[in-house]
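Excluded from the calculations below are hydrogen atoms, water molecules and symmetry mates; all remaining heavy atoms, backbone and side chain alike, are included. Chain letters run A, B, ... following the sequence lines, proteins first, then strands; residues in each count from 1.
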Amino acid sequence: MGKRIKFRGRKLIKKDLKNLINLALKKLCVLEKINYKEFDFNVEVPPKNIKADYATNVCLVGARYFKKSPKILSEELKNILLSEDIDFINSKKESKIFINIKNITCLGQGFLNFDLDLSSFLYSFLYFYNNKEYYFFNNDDKFKKILLEFVSANPTGPLHIGHARGAAIGDSLSRLLKKKGHIVETEYYVNNAGNQMNILKESLEIRYRQVLGEKIDFPENHYMGDYITEIARDLYEEKRIKDYKQIDFKTIILNKMLDIIKSELKRFNVEIDNWFFETKILEKDSSGTNDLDRVMKILEDKNLIKDIDGAKWLNTAEFSEDDKDRVIIRKDGRPTYFASDIAYHENKYIRNYDLMIDIWGADHHGYVPRIKASMEYLGNDKEKLHIILYQLVSLIRDGEKVAMSTRKGEFISLVEVLEEVGLDATRFFLLMRSTDNPIEFDLSLAKKSTNENPVFYIEYAHARIHSIMKNFYNEFHEYNGFIFDKIEDKYLSILEKNLNQEEDISIIKTLISFKEILNFAERDFSPHYITTYLLDLAGKFHNYYNKYKIIDKANSNKTLSRILLIKEIAFVIKNGLEILGITAPESM
RNA sequence: GCGUCUGUAGCUCAGUUGGAUAGAGCAACUGCCUUCUAAGCAGUGGGUCGGGGGUUCGAAUCUCUCCAGACGCACCA
């Protein structure tokens with residue numbers, strides 16, 4: 001005696017229920033003679049101890065609005081929802097029946113719990129199976145033009161695991177946002193104008209002269225990494241130039257370092273669209289001014305800059321969250337890093353993105369207020385600039401913290417980690433945690449091929465499904481070449497007979513929610529929701545695999561139904577991993 | 001001292017706009033390989049969600065305060 005609710009279009013269960021409840025609220029308002037006003041409530045999966053498919057807190061939230069106790073309200077709403085006189089049918093054209101309510105119960109302080117008929121889930125399954133790309137990834141054409149800037153490490157040495165976290169987050173977000181239909185550019189800002197560059201150049205020059213046989217002490221604050229000595233040696237081997245003053249060490253070392261970084265990122269499966277050089281900000285155009293001059297003029301015209309002791313300070317304290325004013329032009333006339341960063345970010349605004357995301361290590365958090373303030377001063381909408389801060393990564397090997405000091409070249413490089421544990425595990429471990437938490441990257445664990453290691457656990461689920469598919473084609477020759485890209489409506493009755501276990505429904509619910517997970521990840525710029533979700537889904541699959549035999553030679557309908565289910569699991573795992581930049585192997 | 005982030009099972013961590021009896025993996029113990037990949041599955045034990053106040057019908061989640069830890073407070077980048 002269930003009530004079938006028809007909805008046209010592409011909404012799935014939760015959304016349909018929400019719409020349904022809203023209609024019931026409207027009806028109640030008419031009965032109570034009060035004006036209908038929308039308010040926010042949830043439709044959620046209830047906790048395990050409640051035997052229902054979905055629950056809503058609408059009566060708890062709406063109690064004050066209707067001036068009734070949640071309990072009474074829930075009884076009234078229940079009656080309206082189950083009454084036959086309300087026609088919720090909303091189907092002028094072709095209609096799909098998605099919700100078939102079996103029962104509604106009022107429990108707790110006023111929760112309404114919905115028990116749905118199996119058909120609700122199977123209709124949904126059929127719908128998203130047939131429209132996967134659209135269902136999971138469509139964004140109602142609300143796409144944005146987005147710039148993602150990340151890594152932007154000084155080109156003074158190889159990338160380490162901390163840079164890799166930023167790279168993994170940035171690249172994964174880029175994949176996610178692209179999948180959701182946005183136009184995304186990724187960018188690496190190269191600090192090639194500052195003091196660090198000079199020190200780097202001198203480091204190479206001194207190493208080169210040492211190669212030539214000069215006895216020079218290597219200065220304290222210079223880059224001591226072996227890679228510089230190697231570059232110096234190679235340089236001498238190549239050209240054999242004795243007069244080092246003829247050599248343009250700066251250009252050589254910059255290009256060399258960028259080559260290294262580019263190859264490391266490539267190896268890490270990270271794509272950078274734009275390489276933006278700091279020197280571009282300082283290049284004079286035909287009128288003899290550069291980006292920095294233009295920015296300075298605006299700020300000076302607005303009286304936001306003052307001279308103290310010959311240096312120029314930007315007044316960030318008075319009008320922003322920043323706690324003090326900041327120098328932007330030094331006493332000697334050289335701009336600070338902050339100055340070129342203002343001009344760089346202004347340049348981003350001029351390029352006209354709807355959203356600019358910067359991904360920084362959390363040790364730079366103090367920098368956020370001043371860069372936001374400066375953008376505001378220039379008349380830009382600071383809401384368009386979103387800064388993601390991620391906490392540090394420490395490496396653990398055999399239960400011991402690996403010492404990392406970026407000074408003196410004592411660090412494990414990204415490439416070394418990749419060589420030790422592989423690309424997939426490295427990316428997964430870096431994406432597994434919320435950016436607000438530091439990561440303890442356990443190298444020993446990441447190497448293991450057991451279920452202790454989450455990335456193997458997920459990949460194994462995917463490989464297993466492919467292995468089952470292979471067996472399926474062997475057992476059922478008549479389906480060779482059949483790819484199951486669509487389920488026809490007539491199969492619904494078959495599904496109803498064969499996907500009716502608790503686990504079937506639980507997996508279908510989990511599959512439906514992939515869309516939600518992607519939306520959360522997009523909203524919070526947090527790929528780690530996806531890692532958690534995939535672990536859950538993989539767990540449900542492994543459990544299912546052990547409990548039920550997918551292939552049953554004597555029952556082709558049962559086999560086909562289960563094949564469709566696991567094919568959809570494979571689709572979601574593959575796409576989830578793709579967003580993380582991780583491969584989904586077909587065999588292991 | 002000021003600011004940002006963190007504090008959830010022995011360990012590493014999930015916990016979405018505040019929702020009903022707070023979850024997973026590891027570690028410990030017990031089962032499951034003639035059966036689609038045991039690189040797997042099932043079960044048991046394990047918690048005053050750092051402490052205390054406040055808001056709320058309802059708080060791990062919001063707020064205040066205290067405690068502990070990490071990081072940051074340059075005319076470095």
[N] and [M]: how far apart are their [atom1] atoms, nearest whole angstrom?
N     : M     : atom1 : result
B:G46 : B:U63 : P     : 34 Å
B:G10 : B:C57 : P     : 35 Å
B:G54 : B:C71 : C1'   : 30 Å
B:U48 : B:C5  : C1'   : 25 Å
B:A60 : B:U8  : P     : 15 Å
B:G15 : B:U21 : C1'   : 16 Å
B:G45 : B:C26 : C1'   : 15 Å
B:A9  : B:A70 : C1'   : 23 Å

More than 12 heavy atoms from other groups under 6.0 Å of NZ on A:Lys574: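 No, because the 6.0 Å sphere around NZ of A:Lys574 holds 12 heavy atoms or fewer from other groups.
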Stacked cation flag [X] on [Y], 6.0 angstrom / 45 deg:
X        : Y        : result
A:Lys567 : A:Phe484 : no
A:Lys18  : A:Phe41  : yes
A:Lys180 : A:Phe136 : no
A:Lys14  : A:Tyr54  : no

[X] side-chain N/O to [N] phosphate OP1/OP2 under 4.0 Å:
X        : N     : result
A:Tyr545 : B:A38 : yes
A:His542 : B:G25 : no
A:Arg523 : B:U17 : yes
A:Arg464 : B:A38 : yes
A:Tyr390 : B:U6  : no

Base of B:G72 paired with side chain of A:His364 (donor-acceptor, under 3.5 Å):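 Flag unset: no donor-acceptor pair detected.
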Distance-only donor-acceptor test, A:Asp363 side-chain atoms vs B:G72 base atoms, 3.5 Å: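 Answer no: no donor N or O sits under 3.5 Å from an acceptor.
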Report the distance from atom [atom1] of [X] to atom [atom2] of [N], rounded to the nearest whole Å.
X        : N     : atom1 : atom2 : result
A:Lys447 : B:A39 : NZ    : C1'   : 17 Å
A:Asp536 : B:A14 : CG    : P     : 16 Å
A:Leu60  : B:G58 : CG    : P     : 11 Å
A:Gln109 : B:C57 : CD    : P     : 12 Å
A:Leu389 : B:G72 : CG    : P     : 13 Å
A:Lys71  : B:A20 : NZ    : P     : 16 Å
A:Leu535 : B:G15 : CG    : P     : 12 Å
A:Ile388 : B:C5  : CD1   : P     : 15 Å

Go through [options] for me and flag the one nearest to the [X] side chain.
X        : options             : answer
A:Ala311 : B:C71, B:A39, B:C75 : B:C75
A:Tyr337 : B:A20, B:C71, B:A77 : B:A77
A:Leu107 : B:A77, B:A20, B:G15 : B:A20
A:Asn195 : B:A77, B:U56, B:C75 : B:A77
A:Asn546 : B:G72, B:C41, B:U35 : B:C41
A:Gln196 : B:C57, B:U17, B:A77 : B:A77
A:Tyr367 : B:A77, B:C57, B:U17 : B:A77
A:Thr532 : B:A20, B:C75, B:A14 : B:A14
A:Arg64  : B:G15, B:G19, B:U56 : B:U56
A:Lys324 : B:A74, B:A77, B:C41 : B:A74

Conformer about C1'-N of B:C33 - syn within 90° of 0, anti elsewhere: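 Because its glycosidic torsion lies within 90° of 0, B:C33 adopts the syn conformation.
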Under 4.0 angstrom, heavy atoms only, what part of the nucleic acid is [X] near: base, sugar-phosphate, or nothing?
X        : answer
A:Val43  : nothing
A:Glu44  : base
A:Asn113 : base
A:Asn57  : base
A:Ala55  : base
A:Tyr548 : base

Audit row: A:Glu149, A:Tyr344, side-chain contact (heavy atoms from CB on, under 4.5 Å) steps and yes/no: CA-CA 11 Å; A:Glu149 184 218 325; A:Tyr344 170 49; 3.4 Å; yes
ring centroid sep under 5.5 Å plus plane angle under 30, A:Tyr457 with B:A39: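 No; by the centre-distance and plane-angle rule, A:Tyr457 does not count as stacking on B:A39.
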A:Tyr188: partners by ring pair (Phe, Tyr, Trp, His ring centres under 6.0 Å), with sequence neighbours left out: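 Ring pair (Phe, Tyr, Trp, His ring centres under 6.0 Å) list for A:Tyr188, sorted by chain: A:Trp275.
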Any side-chain donor near an acceptor of the partner, A:Gln501 and A:Tyr544, under 3.5 Å: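 Short answer, no.
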Which residue lies more 5' along RNA chain B, comparing A:Ser587 with A:Lys18 via nearest heavy atoms: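 Residue closer to the 5' terminus by nearest nucleotide: A:Lys18.
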Pairwise 5' ranking along RNA chain B for A:Tyr529 and A:Ile329, keeping only the more 5' one: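 Its nucleotide being nearer the 5' end, the pick is A:Tyr529.
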Can a salt bridge be assigned to the pair [X] and [Y] using a cut-off of 4.0 Å between side-chain N and carboxylate O?
X        : Y        : answer
A:Glu420 : A:Arg397 : yes
A:Lys372 : A:Asp358 : no
A:Glu503 : A:Lys547 : yes

Check: A:Phe150 main-chain N/O paired with A:Tyr189 side-chain donor or acceptor under 3.5 Å: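 Not confirmed, A:Tyr189 side chain does not pair with A:Phe150 backbone.
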Secondary structure string for RNA chain B (Watson-Crick or G-U under 3.5 angstrom, | for other-strand pairs): (((((((..((((.....[...)))).(((((.......))))).....(((((..]....))))))))))))....
Contact residues, residues 431-443 of chain A to RNA chain B [heavy atom, < 4.0 Å]: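 The answer is A:Arg433, A:Ser434, A:Asp436, A:Asn437, A:Pro438, A:Glu440.
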Test applied, salt bridge (Lys or Arg N to Asp or Glu O under 4.0 Å); reference residue, A:Asp325; option that passes from A:Lys312, A:Arg370, A:Lys306: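 The passing option is A:Lys306.
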